[in-house]
There are 2 protein chains.
Amino acid sequence: MQNSFTEENYLKIIHALSGREGLEVTTNALAESTSTRAASVTDMLRKLADKGLIHYKKYQGVRLTESGEKVAISVIRKHRLWEVFLVEKLGFGWDEVHEIAEELEHIASKELVERLDSFLGHPRFDPHGDPIPDAKGNLTEPDYLILTDVGVGEKVLMMGVLDHAPSFLQHLDRSGITLGCVLEITEINDYDKSASVRINGSNSLFISLEVSKNLLVQRR
Amino acid sequence: MQNSFTEENYLKIIHALSGREGLEVTTNALAESTSTRAASVTDMLRKLADKGLIHYKKYQGVRLTESGEKVAISVIRKHRLWEVFLVEKLGFGWDEVHEIAEELEHIASKELVERLDSFLGHPRFDPHGDPIPDAKGNLTEPDYLILTDVGVGEKVLMMGVLDHAPSFLQHLDRSGITLGCVLEITEINDYDKSASVRINGSNSLFISLEVSKNLLVQRR
DNA sequence: AAAAAAATTTAGACTACCCTAAAAATAGAT
DNA sequence: ATCTATTTTTAGGGTAGTCTAAATTTTTTT
Ligand SMILES: [Mn+2]
Ligand SMILES: [Mn+2]
Ligand SMILES: [Mn+2]
Ligand SMILES: [Mn+2]
């Protein structure tokens, strides 16, 4: 049987919250992320467990089963491919595409996804630097550094963001920080951990700790 | 407030069934088209009437209001634009796109539709020859002939289909009948009204009355 | 014009998803 | 180890959309 939009959203969120290690996800965390009440989450968990999509023992949190993981990754694949489409083909800004992809990710057709993937040239990453799972469901998270882990004098490549909020992405746009740009830390203020950063070797700007904490980068 | 998928589907179907003249649509016709029971239709009609999307008097059938018409046409615009995308950009066959567009037509973003329209070069017709409403909601149905209205010796252009069923479209593919091809009636059999037709001046084939009745054409 | 047939609506019920309030279980503090 | 605070589940209920069966209205036939 088919999964509903709601079920797919739950699975995707459980995947995100359980992280690389596949930790147990709590009811409250899910209530927070789905903007529903804990009682509603419990109802849904019982249903997902009945369908064999999650491992669920009362009071013990949840993990995805193999089958649940498969569904979650398929939804993530669709989400990220559609985001690439919206940015690369339709000219949307990276701050505008998340909400739309949140709907498009639920379009069922398998054939559509594969043709879209070809049309886009089999992109490996979405407009926010997040990796796109392949058709077989393999998803490899690159291990990037957070900019706060980089010292003065180091040059790094900007590879992704942790915060996907439009306001954060628009702030990066205004600062001239784009995916793939070279960032060189020229100074870190001891007092508030704000930093001076040179972008692509030229203009320099101040960025707050709040911003640094949300930038994923890579050495060299 | 937002309309649900179900409401949008009802409005689109009411639009289709009430035709050019905006005739009253019956409960049973809607039950048939929506694959639900008449009792379910009645429930929905009450809701659509409460939202001001249809004119509804018990036992008297329904018509769209101005506002309902606007929603219906917006859904049709999205449906047909997505079909163009699927065929022109992703290489789907015209027999494969209807079901997928049936889902895509409910994606809300207005901005998305307008960018998609630009990306596709503002197409006027969908892959089945149906006209695409413009951004302002104007929909002009060209007045085509049905092939059964064409006499022996006449040459016409193939402009569209009445039946959108994959099996019919695949039959046309196998016959070599495509949108825009020239059809010349060389013979009509009096007994069963089957016809001999020359396609693009070359190869000739028999087509049944059933097929003729579903082909929209234009003189010259 | 009445009776029969067909179409439509109402009544009552079900599933999916969500809610609030109360109960139960777990985790944390003393 | 017990008590308290927090988390989670259960209980009971609501809306959207669907169903079947029964009642009502309209249409057709006689
Ligand atoms: Mn979603
Ligand atoms: Mn993304
Ligand atoms: Mn639809
Ligand atoms: Mn079409």
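Just the heavy atoms: all of them, side chains too, but no hydrogens, waters or symmetry mates, feed the values below. Quick caveat, the model's predicted, so the values are computed rather than measured. Just so it is clear: chains get the letters A, B, ... in the order the sequence lines come, proteins before strands, and each one is counted from 1.
Using cut-offs of 30° and 60° on the angle between ring planes, the pair B/His164 and B/His98 is perpendicular.
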Mind listing the side-chain donor-acceptor pairs of residues 20-32 of chain A below 3.5 Å, one per line with the distance, residues two or more places apart or on another chain?
unit_1, atom_1, unit_2, atom_2, d
A/Glu24, OE2, A/Arg63, NE, 3.2
A/Thr26, OG1, A/Ala29, N, 3.1

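The interatomic distance linking B/Met44 (CE) with C/dT9 (P) rounds to 14 Å, in whole Å. In this structure, CD of B/Glu7 is placed 10 Å from P of D/dT18, rounded to the nearest angstrom. Atom OH of A/Tyr56 and atom P of C/dA25 are 13 Å apart (whole Å). Between the CG atom of A/Asp50 and the C1' atom of C/dA16 there is a distance of 13 Å, given to the nearest Å. Between the C1' atom of C/dA7 and the CD atom of B/Glu32 lies a distance of 14 Å, rounded to the nearest Å. Taking atom CZ of B/Arg37 as the reference point, atom C1' of D/dA16 lies 20 Å away to the nearest angstrom.
In terms of phosphate contacts, B/Thr26 brings no side-chain nitrogen or oxygen within less than 4.0 Å of OP1 or OP2 of C/dA7. Within the 4.0 Å cut-off from OP1 or OP2 of D/dT18, at least one side-chain nitrogen or oxygen of B/Tyr10 is found. Between B/Asn28 and C/dT8, a side-chain N or O to OP1/OP2 separation shorter than 4.0 Å is present. The phosphate of D/dT18 has neither OP1 nor OP2 within less than 4.0 Å of any side-chain N or O from B/Ser40. Distances shorter than 4.0 Å separate none of the side-chain N or O atoms of B/Tyr59 from OP1 or OP2 on C/dT10.
Residues B/Leu53 and B/Leu64 are not in side-chain contact: their nearest non-hydrogen atoms beyond the backbone lie 4.5 Å or more apart.
With 3.5 Å as the limit, one finds a donor-acceptor pair spanning the side chains of B/Asp173 and B/Trp94.
For the pair B/Lys58 and A/Lys58, nearest-nucleotide mapping onto DNA chain C gives the more 5' position to B/Lys58.
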